[in-house]
Amino acid sequence: MLADYLGFTFLSLLDSSIFSILELLVVPVITVLYFVSRKKRAFFFLLFLISYSSADILHIIDDDNLSETLYFICNILYVVSFVFLLLEILKTLDIRVIIRRFLIQTIVLFVLVIYLFTVLYGIIDPILFETNVINLVRFVEHSYNFILLVLLATSFLNFLEKDTKKSLFLFIGCLSISFSDFLLIGYYYLSDIEILNYIAIVLNIFAFVMFYLQTDAGIDSKKKDAKIFA
């Protein structure tokens, strides 16, 4: 009971808007850090960070009270950023190896993607947004969820194929950002439990820490190589 009370008191002292702004500042800071600290920069990954940062900065400027125009700009930027990250993964993914070694896993994975997208579609589609272009809003929301699910599945296949720390960190980042967004869907559309919002924010920050760590060229070595010297 004491722990529950202290936890509730701590959350009540936090200003949700301040916490959200701090979250929105994380990606721009990581983008600058990546640009400054990494001599070799992955083109699509850099575009991913820039696109995502731009959307976050627009959120901060508008104080999270987005007009319809900024809503579409921000969400399109988020979708585009995920497409860039997907391209970054696909450029080194060996499809032949995936088909030869992980065909069953791939089929199961994309069946799961379709199932999860159907579930999310069923949650979001009936909701009546305050807008005159509701079909366009739904299209943007569904596109966002679909590309995020495809990104998650592709990052997992990339980890299976490469089996490196780099691919592991990348997959953990995609997993964290996916769970963050799924929690936000639950928070906004199903329940107003405030703790879901805070957990989602923490997961989002953790995801970008993982994305930054995977850019370290020194971690790109197969784990199984260590067994050769065992």
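Within the model, atoms CG of L203 and OH of Y198 stand 15.0 Å from one another, a figure rounded to the nearest 0.5 Å. Remark: L77 CG to D56 CG distance equals 10.0 Å, nearest 0.5 Å. Here the OH-CD1 distance, from Y121 to I123, works out to 13.5 Å after rounding to the nearest 0.5 Å. Expressed to the nearest 0.5 Å, how far CG of L136 lies from CD of E68 amounts to 9.0 Å. To the nearest 0.5 Å, atoms CG (L149) and CG (L120) are separated by 6.0 Å. Rounding to the nearest 0.5 angstrom, the gap separating the CD1 atom in I89 from the CD atom in E161 is 12.0 Å.
A 6.0 Å sphere centred on CZ of F117 holds more than 12 heavy atoms belonging to other residues, nucleotides or ligands. Other residues, nucleotides and ligands contribute over 12 non-hydrogen atoms within 6.0 Å of the CZ atom of F72. Within 6.0 Å of atom CG in L190, more than 12 heavy atoms from other residues, nucleotides or ligands are found, so the atom counts as buried in its surroundings. In F146, the CZ atom is not crowded: 12 or fewer heavy atoms of neighbouring residues, nucleotides or ligands sit closer than 6.0 Å.
With contacts defined as side-chain heavy-atom distances shorter than 4.5 Å, the pair I193/Y187 does not qualify. For the pair K162/T92, a side-chain contact is recorded, criterion being any heavy-atom separation below 4.5 Å from C-beta on. Residues Y71 and V137 form a side-chain contact, since some pair of their non-hydrogen atoms from C-beta on lies under 4.5 Å apart. The shortest distance between side-chain heavy atoms of L85 and C174 falls below 4.5 Å.
Between F82 and Y144, the gap from one ring centroid to the other is short of 6.0 Å. Checked against the 6.0 Å centroid threshold, F48 and F208 count as a close aromatic pair.
Linking Ile, Leu, Val, Met, Phe, Trp and Tyr whenever their side-chain heavy atoms come within less than 4.5 Å puts I99 and L157 in one cluster. Follow the hydrophobic side-chain contacts under 4.5 Å out from V79 and you reach L87 in the same cluster. V119 and F139 fall into different hydrophobic clusters, where Ile, Leu, Val, Met, Phe, Trp and Tyr side chains are chained together by heavy-atom contacts under 4.5 Å. F110 is not connected to I114 by any chain of hydrophobic side-chain contacts under 4.5 Å among Ile, Leu, Val, Met, Phe, Trp and Tyr, and they are in different clusters. Residues V97 and L93 are members of separate hydrophobic clusters, defined by side-chain heavy-atom contacts under 4.5 angstrom among Ile, Leu, Val, Met, Phe, Trp and Tyr.
A cation-pi arrangement is found for R38 relative to Y212, the charged atom lying closer than 6.0 Å to the ring centre and inside a 45° cone about the ring normal. The cationic group of R41 lies under 6.0 Å from the six-membered ring centre of F35 and within 45° of the ring axis, placing it in a cation-pi geometry.
In this structure a side-chain-to-backbone donor-acceptor pair under 3.5 Å is present from S155 to L152. Using modelled atom types, no side-chain atom of K166 and backbone atom of L213 make a donor-acceptor pair closer than 3.5 Å. Judged purely by atom type and a 3.5 angstrom limit, Q214 has no side-chain atom pairing as donor or acceptor with the backbone of L168. Of the possible polar contacts, one joining the N145 side chain to the E141 backbone as a donor-acceptor pair under 3.5 Å is found. No donor-acceptor pair closer than 3.5 Å links the side chain of N204 to the backbone N or O of A200.
No side-chain donor from either of Y78 and S51 sits under 3.5 Å from a side-chain acceptor of the other. With 3.5 Å as the limit, one finds no donor-acceptor pair spanning the side chains of N197 and Y188.
The two residues I199 and L183 come nearest to each other via the heavy atoms CG2-CD1, 3.5 Å. Taking both residues in full, the closest heavy atoms of I177 and A207 are given as N-CB, 3.7 Å, listed atom of the first, atom of the second, then distance.
Between F171 and F159, the two ring planes are parallel [angle under 30°; tilted spans 30° to 60°].
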* Asked: Do I201 and I205 pass the side-chain contact (heavy atoms from CB on, under 4.5 Å) test, and can you show the C-alpha distance, the side-chain angles, and the key distance before you say yes or no?
  -> CA-CA 6 Å; I201 289 173; I205 294 172; 4.1 Å; yes
* Could you walk me through whether F169 and F211 pass ring-ring contact (aromatic ring centres under 6.0 Å, His included), step by step? => CA-CA 7 Å; F169 286 175; F211 288 145; over 10 Å; no
* To do: In sequence, state the C-alpha distance, the side-chain angles, and the governing distance for L109 and T106, and then conclude on side-chain contact (heavy atoms from CB on, under 4.5 Å).
  => CA-CA 5 Å; L109 198 56; T106 303; 5.6 Å; no
* To do: I would like to know whether S54 and I73 meet side-chain contact (heavy atoms from CB on, under 4.5 Å); could you show each step before the answer?
  => CA-CA 10 Å; S54 301; I73 292 174; over 6 Å; no
* Asked: What do the steps show when you test I172 against F206 for side-chain contact (heavy atoms from CB on, under 4.5 Å), and what is the final call?
  -> CA-CA 9 Å; I172 292 174; F206 178 73; 3.6 Å; yes
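The side-chain contact (heavy atoms from CB on, under 4.5 Å) test with L49 singles out one residue from T215, T31, L33, V32, and that residue is T31.
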